[in-house]
Amino acid sequence: MEAKKTTITIDPMTRIEGHLKIEAVVENTRVTEVRAAGTLYRGFEQILVGRNPLDAIQISQRFCGVCPTPHSIASSQALENAFGIMPPPNGRLIRNIMQGANGIQSHILHFYHLAALDYFRGPDAPPFIPRYEADYRLPSGFRETLTNHYILAYQMRLKAHELCAIWSGKMPHMASIVPGGVSIRPRIDNITTSLWRLKELRDFIDTVYIPDVVTIGEVYRDYFHLGAGCRQLLSYGLFDMDGEPDVTKRKRFLPMGRVVEDKVASVDPSMITEDVRSSWYDSPSRRQPTRGGTVPNPAKPGAYSWLKSPRYDGGVYEVGPLARIILAYRSNANPKLNALLDKYLEHFQVGPEAMYSVMGRHLARVLECKLVADELEGMIMQVKLEAPVCADHKIPDSAQGMGLWEAARGALGHWIDIKGGKIAGYQAVVPTTWNASPHDDQNNPGPMEQAMLGAVVEDAENPFVIARIARSFDPCIACAVHILKAGKSVKQFRVL
Ligand code: NFE
Ligand code: MG
C-alpha cells in the first residue's frame, strides 16, 4: 500500500517567544522529516561592531525581553575575560540574585502563560480563545483551578521582576551590570525587600507550580515517553560560587559539563562551532565563535532558517533545564536535587531516561525553579553592606574575551574581539540556537527537530502533538530585524 504523505506547516507557532515555523512530513501518521525555522533575522552581532566594548552589555540585553539578565551577565563576563578582571564576591552574589530572579520569572511564564494551555482548556473568552481542540484530559474541576493559577502566575512574575529590579534598577533591561561587577551598592532595604518577595515566590512554587506540573504529568504520563530528542546534553553551569578566572574551572552551583550516553563529560569551549549549511548566511561554516561571521543572504539555496546550527565537536546537543538538571543529577553535584528528582521519578514510576521527553522537560524546569529559589535566600544573606561591588577596568587596545553562562533556556555564550579599543567582532550563541537549530553540515537535524521525528500525528489538520513537543523546549527566537519580501501572495497561516 502506498504511504500517505502529508506536509504540515505551523507558521507561526504561537505561545512561544519569537517567530518559529515548523514543517513536518507525516507518513501514515508518523513524523518522518522535520524542518524547524527561525523566521526572524537577528542582526545584533553586526550592530555591535565598531562600538565601544562597554556598549555590548546594554545592547546585547536587547536581544530579548525575557532573558536580558543572562545576556548582560554573559556579555560582562566576556568583557571581564578580555580585560583580565573578576568581580568581587558582592558583585558575583548580586548578579546571581538577579539571574535567579529572572530564571524564576521565566520558568513561571513558560509553564503558565505559554505551555499549560496545551493541557487544560482555558475559559471560553479571549485571550483563551480561539484555541485548537486537543485531548484535554484533566477533570473539569481543574479548569477553574488552573485558570486561577494562570492569573496568579502574573502576580508572581511581577514579584520576580521586582526581585530582580531591586538590584538592577529596572526590568526588563537592566541598568546595574557593569564590567567587573555591579553598580548598585547594597542597602539593608534591598536585602529585606528581596527576602519577602522570595518567600512569596517559594510558597507559590511549592504549593502551586509543583503540584500543577505533577497533576498534568499524572494525566499525561505518555508524554514521559514522547519527544526524546538527541539525548546529548550540554550546560555551562549556573551561578558563580567563586572568583576563579578560568570559567571551565570555576565552581558553579549547577555544574558545567555534558551528558553523552548517560555519562558525564567535560566542556572544552574550543570545540564549539556553528554550521550554516541550512542557515541564510554566506559566512563560512563550522567556525568557532571567535572566528565566526554573520553575513545574511535570504536567497541562499538550500537554507531554511535564520538560526545557525551550534555543535560541540560536530555533535548535536540539547541545552536548558533538562541539561542542567540531568547533568547535576548524573554528577551528584547537589544531594538535594538528587533526592528531589528521585522523589518525583518514583512518583511517576519512571526512570531517569524518561526525563528525555516532553513531560521530563516540564518536570526539570519546575524542580530547577524550586532548587534555585531555595538557594537564593542564602545568597541574599551573604551580601555584605560595606564590601565593594565592582573591580576597576581599563579597556585594552586589543583583546579577546568569552563569557559562558546559563540563561533560563540553556547554555549561553558571548564572544568579543576588541581591536583599536572598539568591538571588531561579536558572536552570541544562544540557547534556542542550539535547541531549534536546523540540519547541520552533516545533515543531522537539530535537537527539537529530532524530538519530533517519529511522533504520531493522528490528524494533520490538528497537529497539537508537534506544538506540545516544540513548547517543551521553551523556544525563544527573539528580538531582531524582520526581513520582509513585498509581494502579492497571501500566506496561509495555521495558528496553534
Ligand atoms: Ni529570549 Fe534566552 C533564554 C537567552 S533564548 S529567552 O533563556 O540567552 O534562547
Ligand atoms: Mg549568533
Side-chain angles (χ1 to χ4, degrees), residues 16-20 36 38 40-49 56 60-75 77-78 99-110 113-114 171-173 234-236 238 272-276 279-281 283 285 287-296 305-311 317-324 361 365 368-369 372 402-417 425-438 446-448 470-471 473-480:
I16 63 151
E17 240 217 300
H19 298 63
L20 176 71
L40 187 66
Y41 173 55
R42 298 171 64 93
F44 275 89
E45 285 161 345
Q46 292 111 305
I47 291 171
L48 284 159
V49 171
S60 70
Q61 291 188 54
R62 269 78 184 169
F63 287 176
C64 180
V66 176
C67 60
T69 314
H71 281 299
S72 63
I73 295 176
S75 184
Q77 290 179 340
Q99 172 70 39
N102 179 244
I104 293 168
Q105 190 280 134
S106 185
H107 285 358
I108 296 173
L109 155 72
H110 172 259
H113 301 136
L114 301 178
M171 270 303 280
H173 307 314
L234 168 76
S235 167
Y236 299 146
L238 183 65
I272 297 162
T273 54
E274 286 189 299
D275 287 0
V276 295
S279 319
W280 285 306
Y281 297 104
S283 17
S285 202
R287 280 273 177 98
Q288 293 174 348
T290 44
R291 299 169 53 240
T294 307
V295 181
S305 181
W306 284 113
L307 275 68
K308 299 178 184 176
S309 302
R311 297 293 185 254
Y317 281 81
E318 176 172 345
V319 300
L322 178 70
R324 289 191 289 262
R361 289 185 193 97
R365 203 170 280 116
E368 176 182 73
C369 199
V372 164
M402 169 180 78
L404 299 183
W405 187 240
E406 285 287 314
R409 287 158 195 76
L412 171 66
H414 282 219
W415 283 262
I416 190 168
D417 182 20
Y426 203 96
Q427 290 286 306
V429 183
V430 312
T432 299
T433 326
W434 288 91
N435 285 341
S437 59
M448 189 194 291
R471 290 198 188 100
F473 284 88
D474 190 4
C476 169
I477 324 284
C479 316

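These numbers come from a predicted model, not from an experiment. When a ligand or atom number is given, it counts from 1 through the structure's own listing order. Note: hydrogens, waters and symmetry copies are ignored here, and every other heavy atom, side chains too, is used.
Contact annotation: Glu274 places no N, O or S atom under 2.8 Å from the Mg ion (ligand 2). Residue Ala428 counts as close to the Mg ion (ligand 2), with an N, O or S atom under 2.8 Å.
Here the options are Thr433, Val276, Asp275, the test is side-chain contact (heavy atoms from CB on, under 4.5 Å), and the partner is Ser309; only Asp275 passes.
Atoms of ligand 1 lying under 4.0 Å from at least one heavy atom of Cys67, given by number and element, are 1 (Ni), 2 (Fe), 3 (C), 4 (C), 6 (S), 7 (O), 8 (O). Each of the following atoms of ligand 1 lies closer than 4.0 Å to a heavy atom of Ala407: 3 (C), 4 (C), 7 (O), 8 (O). Within ligand 1, counting atoms from 1 as listed, the ones closer than 4.0 Å to a heavy atom of Ala408 are 7 (O). Of all the atoms in ligand 1, the ones that sit under 4.0 Å from a non-hydrogen atom of His71 are 4 (C), 8 (O). Those atoms of ligand 1 that come under 4.0 Å of a heavy atom in Thr432, given as number and element, are 5 (S), 9 (O). For ligand 1 and Cys64, the ligand atoms under 4.0 Å from any heavy atom of the residue are 1 (Ni), 6 (S).
No donor-acceptor pair closer than 3.5 Å links the side chain of Ser305 to the backbone N or O of Ser279.
Checking Glu368 against His107 by side-chain atom types alone, a donor-acceptor pair falls below 3.5 Å. No donor-acceptor contact under 3.5 angstrom links the side chains of Gln427 and Thr290, judged on distance only. Gln288 and Trp415 form no side-chain donor-acceptor contact under 3.5 Å, judged by distance and modelled atom types alone.
Below 3.5 Å of separation, one finds no N or O of Glu17 facing any N or O of ligand 1.
Both tests pass for Arg361 against the ring of Phe473: distance under 6.0 Å to the centre and angle within 45° of the axis.
Below 30°, between 30° and 60°, or above 60°: for His414 and His71 the angle between ring planes is between 30° and 60°, a tilted geometry.
The atom name of the N/O/S atom in Glu45 closest to the Mg ion (ligand 2) is OE2.
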